[in-house]
Amino acid sequence: MPEILEVERYRQLAAERAVGRRVEAVEAPDPWILKGGLTPAAAADALTGREVLDARRRGKLLLLDTDGPVLGLRFGMTGRLHVDGRYGVERLEYSPVVEHERWDRFGLVFDDGGYLRLQDPRRLGGVALDPDEARLGPDALTVTPRQLAAALAGSRAPLKARLLDQAHLAGVGNLLADEILWRAGLAPNRPAGSLDPVELRRLHRHLRRGLVELGERGGSHTGDLGPHRRPGGRCPRDGAELVHAVVGGRTTWWCPIHQH
DNA sequence: CCGGATGTTCACCT
DNA sequence: GAGGTGAACATCCG
């Protein structure tokens, strides 16, 4: 599933191959994927003839700047970006391996004959024009200690729920949240606002380091905890049997010994 | 064959 | 307003 690390790979692909190219046509065979009242005709009107100027990202939202509107792409659980047959991520967890054209939900055709497409089997992704970027919190890859402290301050929600709340911190998904909390030795059901300065600092360090490390390994599914998130799984650090519960609406696994 | 899992967003409820 | 719950999506797995 695309979390922040996968979307960053998509951004890099778009920056390398889409920026500088001009849109000749818009493919929108699936109106469901268009959000914010956007229609296939309106999308075509707004984007045809436009040049892609930059590829940005905030959390899991990919933003393509043009000399017209900003094109916002969300990938849900199973969305992938492909440009001229190249994929930002080759293999996606929980997504079918076999590819079908019918999963191409949206695309830009460039005037040189190439294309950029959003492929999304489960249709959990979305396409919008000029998405409201201000609704997202600071990006998890670049968040400062001060920003992280502000994101958690005063909240009585479970720590993990707050980390997953894109309005307060943009980019962390379920698997990354479990991995980071495991690394930081913090229990997912701690009230978010209850962390002391030492714990906040530790969480920030593991968030930043963990994202970089998993990015280098290849993505969100390469965490150390991942293989043990199953019944009977044991903590790879101290061997204790992991416990699980629904926290923040998501299946959550953690170590009862070293996460407090 | 069917229920549950899978991640995210959004509408709705307390 | 904050936080929790369930629906929606399509596919896979046990």
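All values reported here derive from a predicted model rather than from experimental measurement. We name chains A, B, ... by the order of the sequence lines, and we start the count at 1 in each one.
When heavy atoms are screened at a 4.0 angstrom cut-off, A:Gly173 is found touching the sugar-phosphate backbone but no base atom. Residue A:Lys60 is in sugar-phosphate contact alone, with no base atom involved, counting any heavy-atom pair closer than 4.0 Å across all strands shown. Across all strands shown, A:Arg230 has no heavy atoms under 4.0 Å from either base or sugar-phosphate atoms. A:Arg250 comes within 4.0 angstrom of a base, heavy atoms only.
Side-chain proximity of A:Arg122 to the nucleotides C:dA10, B:dT9, B:dT8 is greatest for C:dA10. Distances were taken from every side-chain heavy atom of A:Leu175 (C-beta onward) to each of C:dT11, B:dG7, B:dT8; the shortest belongs to B:dG7. Taking every side-chain heavy atom of A:Arg135 into account, B:dC10 is the closest of B:dT8, B:dC10, C:dG3. Minimum atom distance to the side chain of A:Thr251 is reached by B:dT6, of the listed B:dT6, C:dA10, B:dG7.
In this structure the side chain of A:Arg237 never reaches within 4.5 angstrom of the side chain of A:Cys255, judged on heavy atoms.
Sequence neighbours left out, the pairs with a member in residues 168-179 of chain A that pass salt bridge (Lys or Arg N to Asp or Glu O under 4.0 Å) are A:Lys160-A:Asp178, A:Asp178-A:Arg229, A:Glu179-A:Arg183.
Between A:Tyr10 and A:Phe75, the ring center distance clears the sub-6.0 Å criterion.
Between A:Trp182 and A:His258, the angle of the ring planes goes over 60°, which puts this pair in the perpendicular group of the 30/60° scheme.
In DNA chain B, the stems built from three or more successive Watson-Crick or G-U pairs (distances below 3.5 Å) are B:2-5 with C:11-14, B:7-14 with C:2-9.
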